[in-house]
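Notes follow once the structure below has been shown.
Because the structure is a prediction, the values reported are computed rather than measured. The figures that follow rest on heavy atoms only: side chains count, while hydrogens, waters and symmetry mates do not. Both ligands and their constituent atoms are indexed starting at 1 by order of listing.
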Amino acid sequence: MFTLFLPHNTQNMAQRRQTSILLIYTGGTIGMIRNPLTGALESFNFDHLLRHVPELRQFNLDISSRAFNPPIDSSDMNPSLWAKLAEVIYTNYERYDGFVVLHGTDTMAFTASALSFMLEGLMKPVILTGSQLPIGVLRTDGKENLLTAIEIAAAKNEDGTPVVPEVCIYFHEKLMRGNRCTKISADSFDAFKSHNCPNLATAGIEIQYNRHLIKPYDASAKLKPHYAMDSNIIIFSLFPGIRREVVQKILEGKELKGIIFRTFGSGNAPQAQWLIDALTEATRQGKVIVNVTQCLAGSVKMSLYEAGRQLLEAGIISGHDITVEAALAKMMFLLGKKLSPDEVRRQMRRNIAGEIS
Ligand code: ASP
């Protein structure tokens, strides 16, 4: 861990303590350098961050860091590690004004979604970022992403309240609500998009905040962390030619409690009776089935076509315009609370953390 105490304006200091940021490095490309001998990418010792990003010294901020040991590729993220992240934020909540989480891009949208539910009552910025090229590579996008994410996490209104008191992803000039994002490119620097919710800010020469879209600050809110996530669920995507035996096998699963059902267009499925019967039976057994469109943008409207209306009758509930990442995290979170299937269904329909419009 390092702490940077940087030169500051003494008059300012007398009035207010320095803004403090906790950087949490979980792993991923951003924290890598190329081994000159083997040419392979390896995680660098995060204690040496300053050597790779000396620009951090120019911030008038008190920046500390924590690193996952060992750092992980985000493909290895899981609900226990989300809980660990939530716990680090919770235990350091009073001490820091904002949090920046460095994370691999592959599952960043899942982690951001999970944190948005697990950190109930959050009123400080938690900004996730990463990069497509390692920070130790000349053309890296990691420096800009990291420096701007820190600036956003430290941004305050005139009255000292945070500008962005919520979980976000900052990537390639865009600040997006964490539970509205999807990774859209494996190789472009512009790797994330929030299809159904406008960006919360755009970083050009200045950072332009869309304040009307950002969660309002509430001084009376208390952070209440939730660590239990129930992952006995599945993401199940329809395709033309899907087989009855396969669907039945999946839906019969004894352990299975929830299904993120990825349908066509505005929430449509083949009008085969065997499919409707299998879904109706799964619902009857207490499995929660949420309809999420395979389209990247737009919303489920099951009453629009007969192919969707039948699903409504089978007890499937609409995910509206939720992303698949947020639907998954929300279902794990609600099942983790040990609510009844009906209560999980009720809460899946409502907006809890800005995840649906
Ligand atoms: N595989 C890496 C990860 O998600 C890719 C990245 O960091 O962008 O951890």
Side-chain angles (χ1 to χ4, degrees), residues 23-35 38-49 52-53 56 65-86 88-89 99-116 118 126-150 152-153 167-195 199 203 229 231 235 296 323-326 328-329 332:
L23 263 182
I24 307 166
Y25 174 57
T26 64
T29 300
I30 192 165
M32 293 184 165
I33 46 173
R34 201 171 290 285
N35 181 322
T38 62
L41 289 175
E42 292 172 358
S43 290
F44 69 80
N45 181 339
F46 205 69
D47 293 346
H48 302 156
L49 180 66
H52 299 284
V53 198
L56 283 172
S65 79
R66 301 265 189 292
F68 275 24
N69 188 10
I72 58 151
D73 186 288
S74 78
S75 311
D76 290 320
M77 257 299 159
N78 59 47
S80 336
L81 293 172
W82 292 338
K84 185 168 150 185
L85 251 180
V88 172
I89 293 169
F99 301 84
V100 173
V101 179
L102 299 179
H103 195 289
T105 54
D106 292 348
T107 65
M108 192 188 295
F110 288 94
T111 299
S113 298
L115 289 178
S116 76
M118 295 167 98
V126 172
I127 314 295
L128 285 87
T129 195
S131 67
Q132 295 282 60
L133 277 179
I135 217 145
V137 165
L138 204 56
R139 288 182 55 246
T140 185
D141 52 330
K143 276 193 188 180
E144 194 281 321
N145 286 346
L146 171 62
L147 296 172
T148 308
I150 293 176
I152 291 169
V167 179
C168 292
I169 289 182
Y170 175 76
F171 217 92
H172 192 68
E173 301 180 1
K174 298 182 293 196
L175 182 72
M176 297 156 277
R177 177 161 295 142
N179 56 27
R180 308 302 301 256
C181 293
T182 297
K183 184 175 178 184
I184 52 157
S185 175
D187 38 37
S188 164
F189 286 149
D190 192 6
F192 286 87
K193 190 160 165 77
S194 165
H195 290 95
N199 297 333
M229 300 290 266
S231 54
I235 299 173
L296 290 172
T323 61
V324 71
E325 294 88 342
L328 178 106
M332 283 190 189

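For A149, the side chain to side chain contact (heavy atoms under 4.5 Å, CB included) test picks out V100, I127, T129, Y170, with sequence neighbours left out. Under the side chain to side chain contact (heavy atoms under 4.5 Å, CB included) criterion, P71 pairs with Y25, S43, sequence neighbours left out.
A distance-only check finds a donor-acceptor pair linking the side chain of S74 to the backbone of T107 [under 3.5 Å].
By the 4.5 Å heavy-atom criterion applied to side chains, L175 and T148 are not counted as neighbours.
For residues 176-192, the pairs satisfying salt bridge (Lys or Arg N to Asp or Glu O under 4.0 Å) are D106-K183, E166-R177, K174-D190, R180-D321, with sequence neighbours left out.
Ligand 1 is surrounded by G28, T29, D73, S74, G104, T105, D106, S131, each with at least one heavy atom closer than 4.0 Å.
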(request) List the steps, then state whether side-chain contact (heavy atoms from CB on, under 4.5 Å) holds for I150 with L56. (result) CA-CA 9 Å; I150 293 176; L56 283 172; 3.3 Å; yes

